[in-house]
Amino acid sequence: MDELLSATHPRMFSLQKIVEISYYNMGRIRLQWSRIWEVIGDHFNKVGCNPNEDVAIFAVDSLRQLSMKFLEKEAVDGRMMSPTIRDMVVRCIAQMVNSQAANIRSGWKNIFSVFHLAASDQDESIVELAFQTTGHIVTIVFEKHFPATIDSFQDAVKCLSEFACNAAFPDTSMEAIRLIRHCAKYVSDRPQAFKEYTSDDMNVAPEDRVWVRGWFPILFELSCIINRCKLDVRTRGLTVMFEIMKTYGHTYEKHWWQDLFRIVFRIFDNMKLPEQQTEKAEWMTTTCNHALYAICDVFTQYLEVLSDVLLDDIFAQLYWCVQQDNEQLARSGTNCLENVVILNGEKFTLEIWDKTCTCMLDIFKTTIPHALLTWRPVSGEFSSGSPSDAKEKLDTISQKSVDINDSIQPRSSDGRPYQPSSGSTAGEEMSKTRPTAKFPEQKLFAALLIKCVVQLELIQTIDNIVFFPATSKKEDAENLAAAQRDAVDFDVHVDTQDQGMYRFLTSQQLFKLLDCLLESHRFAKAFNSNNEQRTALWKAGFKGKSKPNLLKQETSSLACGLRILFRMYMDESRTSAWEEVQQRLLNVCSEALSYFLTLTSESHREAWTNLLLLFLTKVLKISDERVTSVRAHHGCLSLILALLASVKMFLLFTLWVSHLDLWRVFKVLHWQCAF
């Protein structure tokens, strides 16, 4: 201590030797070390508060070296250093912080490096003391002496991240994340301090220093917490990360967002997902799912800035989500696409709408479950029992086929998708119902089932985007109510009709969506018509106790397509496209009615109830002049349309209400046309 008293030329030889001698005596027993440290620890505290800044800095750095040697001892030789000794090291530094915080200045980096090591300790008292001291620094010292501590800001955030990642103390983890959130307020309130701070950032532009030294470390460390921690902690880290973006994002420059989302999209990086399948599935269903919705929320909030920066990446990420063998994530991908478009579509440019339609087209094409039609069982796999027994068994259930999409989670009353729940997925339902399928087939069937889910979700998404959620559902309800009232005029009015994105889409973009819908409809129709293939899949254990079908996909895709075509056909602003609309409408209606007339299953015909009501109602609304024009240029189908428009429609609907078979009514009309 006498060597250090000189105000002008203090000697630090003995101070350095104390560090060396302490290191060489680390192997002593706890009792001896406790006595030694009573002297040495007190000496370091006094020297660390020396009025000479050079001495104080040297003392703190020496203490850091010695502390880290103690804390690292276990990793070097496999021996557990006494918790008492580690506790004394941390307590020594904590005492220095509490008594001389104003004089430590550039020594904060050393202090945080020690606490960073202590943060991963398994001894509760050590972690608690180190964390309490770190919290004191972040909340009190930073508040009072921020310019003097700014050099260690990144170290503080990194230290808090290490506390958060200590799985042994979840309460400390949550509190550490709260303190990281508190650090964000310092960056927001003191951007000038970061601008003026130079140090090793001379090559960073002054306007970017607040990002490089402030925002980026916070968001990066939160992403590390997300990638390293268990579910509850990483969920909290994810929530706080996006809260910071939503709260302070208005201050971010465009190129900062690019850096930020390179970090965010690491959450979806397949290479970094856990190897175990169960952990990977949990990661996708929880963290990836949560992140997907949060990204879309941020995009919506900062659309003007992010539309150029982020849109392509968001579409690519949504596309990736629906390609994964995870039903919840695949469904969320389509739901998020819907949310992004409905909330922002009014501000989309023509180019963005083109990208949006292309994204939906790509998802449609890559999720059509073609293997449902091409899969074949291994020869002799179902040889048990006689063919006649199998035939008899199939006959008893032929009218009880189960819709593949029955297990899809329902949407809310306004047509919007529910947020992720803990309910069973379609794949889980399949595994419960028929465990007879072999493992490779179970995996294939589960993947096909997810594609069926995505197809139906995407059909609903297009309907919601074009016409606004719940609009079509209300229209179907009003059509049915009007039919039951025997209403002659069928003046069906839906208030929310103009809230959809229809008016913002060009005719060519609508045709592109229509092509998706019709391709999905034709696939479902082909599958539903292939009784032999459905039987083979059922016998192999695919989806439930009865033969699978795609009735919902068949009817909902066609219904949405008809709504688009009839809306365009009645739209005076699209006269230039009327000729193509008319041709498409005639082709679609002709194909649909011809198919309907061939149906022999009562349940299949009943599935077309709302679709036929929609068709009849839309035809009735076509003006006489338009019908005459159609009839003059087209053959048998135009006569069908003319008949439907000219006969007493209320009679048809009276028959409907009387529960007579509309299929027979169409048969009569078909015969009249032939005649």
Side-chain angles (χ1 to χ4, degrees), residues 307 311-312 314-323 333-370 451 454-469 471-472 497-526 553-571 573-592 618:
S307 58
L311 185 65
D312 290 342
I314 283 187
F315 283 160
Q317 206 61 61
L318 294 175
Y319 179 82
W320 177 86
C321 288
V322 300
Q323 304 303 313
T334 58
N335 294 348
C336 285
L337 177 61
E338 176 183 323
N339 292 342
V340 166
V341 177
I342 289 176
L343 293 173
N344 303 292
E346 294 183 4
K347 302 173 184 176
F348 279 5
T349 63
L350 182 63
E351 181 184 3
I352 293 178
W353 272 116
D354 282 336
K355 290 180 179 179
T356 304
C357 292
T358 299
C359 178
M360 287 190 276
L361 180 65
D362 290 342
I363 294 175
F364 251 122
K365 287 186 173 181
T366 56
T367 56
I368 292 178
H370 292 290
K451 288 189 174 185
V454 174
Q455 283 283 300
L456 197 63
E457 285 286 334
L458 201 52
I459 292 165
Q460 186 65 59
T461 292
I462 290 179
D463 192 278
N464 288 347
I465 287 173
V466 176
F467 300 111
F468 196 75
T471 301
S472 298
Q497 182 170 316
D498 289 334
Q499 294 182 42
M501 296 294 115
Y502 169 84
R503 63 192 187 278
F504 299 104
L505 288 155
T506 67
S507 296
Q508 290 305 312
Q509 289 165 347
L510 288 170
F511 286 148
K512 184 179 288 190
L513 297 180
L514 180 66
D515 290 338
C516 294
L517 293 166
L518 294 180
E519 185 177 357
S520 182
H521 165 71
R522 287 169 184 139
F523 174 83
K525 188 169 65 174
Q553 182 176 328
E554 176 185 292
T555 54
S556 61
S557 56
L558 181 58
C560 185
L562 286 175
R563 282 189 174 92
I564 292 174
L565 284 172
F566 277 110
R567 178 79 182 272
M568 294 178 73
Y569 196 56
M570 306 291 283
D571 188 348
S573 68
R574 298 186 188 269
T575 53
S576 60
W578 273 2
E579 185 174 351
E580 184 175 355
V581 172
Q582 180 173 286
Q583 186 59 53
R584 284 174 174 262
L585 189 57
L586 290 169
N587 292 339
V588 171
C589 291
S590 175
E591 182 182 332
K618 294 295 187 183

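When the ring-ring contact (aromatic ring centres under 6.0 Å, His included) test is applied to Phe315, no partner is found at least two apart in sequence or on another chain. In terms of the side chain to side chain contact (heavy atoms under 4.5 Å, CB included) criterion, residue partners of Lys512 (sequence neighbours excluded) are, by chain and number, Cys357, Thr358, Leu361. Residues forming a salt bridge (charged side-chain N to carboxylate O under 4.0 Å, His left out) with Lys525 (at least two apart in sequence, or on another chain): Glu591. When the ring-ring contact (aromatic ring centres under 6.0 Å, His included) test is applied to Phe364, no partner is found at least two apart in sequence or on another chain. Partners of Ser507 according to the side chain to side chain contact (heavy atoms under 4.5 Å, CB included) rule, which considers only residues two or more places apart in sequence or in another chain, are Phe511, Met568, Arg574, Ala577. Listed by chain and residue number, nothing satisfies the side chain to side chain donor-acceptor pair (under 3.5 Å) test with Glu519 (two or more places apart in sequence, or in another chain). For Glu579, the side chain to side chain contact (heavy atoms under 4.5 Å, CB included) criterion is met by no residue, not counting sequence neighbours. For Asp354, the side chain to side chain donor-acceptor pair (under 3.5 Å) test picks out Gln509, with sequence neighbours left out. In this structure Lys365 satisfies the side chain to side chain donor-acceptor pair (under 3.5 Å) test with no other residue, sequence neighbours excluded. In this structure Ser576 satisfies the side chain to side chain contact (heavy atoms under 4.5 Å, CB included) test with no other residue, sequence neighbours excluded. Thr555 meets the side chain to side chain donor-acceptor pair (under 3.5 Å) test with no other residue; sequence neighbours excluded.
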Run the salt bridge (Lys or Arg N to Asp or Glu O under 4.0 Å) test on Arg584 and Asp515 for me, step by step, so that the C-alpha distance in whole Å, both residues' side-chain angles and the decisive distance to 0.1 Å come before the verdict. CA-CA 10 Å; Arg584 284 174 174 262; Asp515 290 338; 3.0 Å; yes
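In this structure, Glu338 and Pro469 have side chains that are in contact, with non-hydrogen atoms separated by less than 4.5 Å. Looking at heavy atoms from C-beta onward, Cys516 lies out of side-chain contact with Met360 at the 4.5 angstrom threshold. Side-chain contact between Arg522 and Glu554: absent, with no pair of heavy atoms (C-beta onward) separated by less than 4.5 Å. Phe348 is not listed as a side-chain neighbour of Ser307, based on a closest heavy-atom distance of 4.5 Å or more. The shortest distance between side-chain heavy atoms of Ile363 and Leu337 falls below 4.5 Å.
To the nearest 0.5 Å, atom SG of residue Cys589 and atom CG of residue Leu562 are 5.5 Å apart. For the atom pair Phe504 CZ and Leu510 CG, the distance stands at 12.5 Å (nearest 0.5 Å). Rounding to the nearest 0.5 angstrom, the gap separating the OG1 atom in Thr366 from the NZ atom in Lys451 is 7.0 Å. Thr471 contributes atom OG1, which lies 14.0 Å from atom OH of Tyr502 (distance to the nearest 0.5 angstrom). How far OG of Ser557 is from CD1 of Ile459: 4.5 Å, rounded to the nearest 0.5 Å. Separating the NE2 atom in His521 from the CD atom in Gln553 is a distance of 10.0 Å, to the nearest 0.5 Å.
With Val588 as the fixed residue, the side chain to side chain contact (heavy atoms under 4.5 Å, CB included) test singles out one of Leu514, Leu558, Leu517: Leu558.
Considering all non-hydrogen atoms of both residues, Thr461 and Thr334 come closest at OG1-O, 3.6 Å. The two residues Leu318 and Gly333 have their closest heavy-atom pair at CD2-O, 3.4 Å. Considering all non-hydrogen atoms of both residues, Asp571 and Trp578 come closest at O-NE1, 3.1 Å. Taking each heavy atom of Met501 and Gln499 in turn, the nearest pair found is CE-O, 3.9 Å. Of all heavy-atom pairs spanning Val340 and Asn344, the tightest one is O-ND2, 2.8 Å. Of all heavy-atom pairs spanning Val581 and Leu565, the tightest one is CG1-O, 3.5 Å.
Within 6.0 Å of NZ on Lys355 lie more than 12 heavy atoms contributed by other residues, nucleotides or ligands.
In this structure, Arg567 forms no cation-pi arrangement with Phe467, as its terminal cationic atom is not both closer than 6.0 Å to the ring centre and no more than 45° off the ring axis.
Judged purely by distance below 3.5 Å, without hydrogens or angles, the side chains of Gln460 and Ser556 never pair a donor atom with an acceptor atom.
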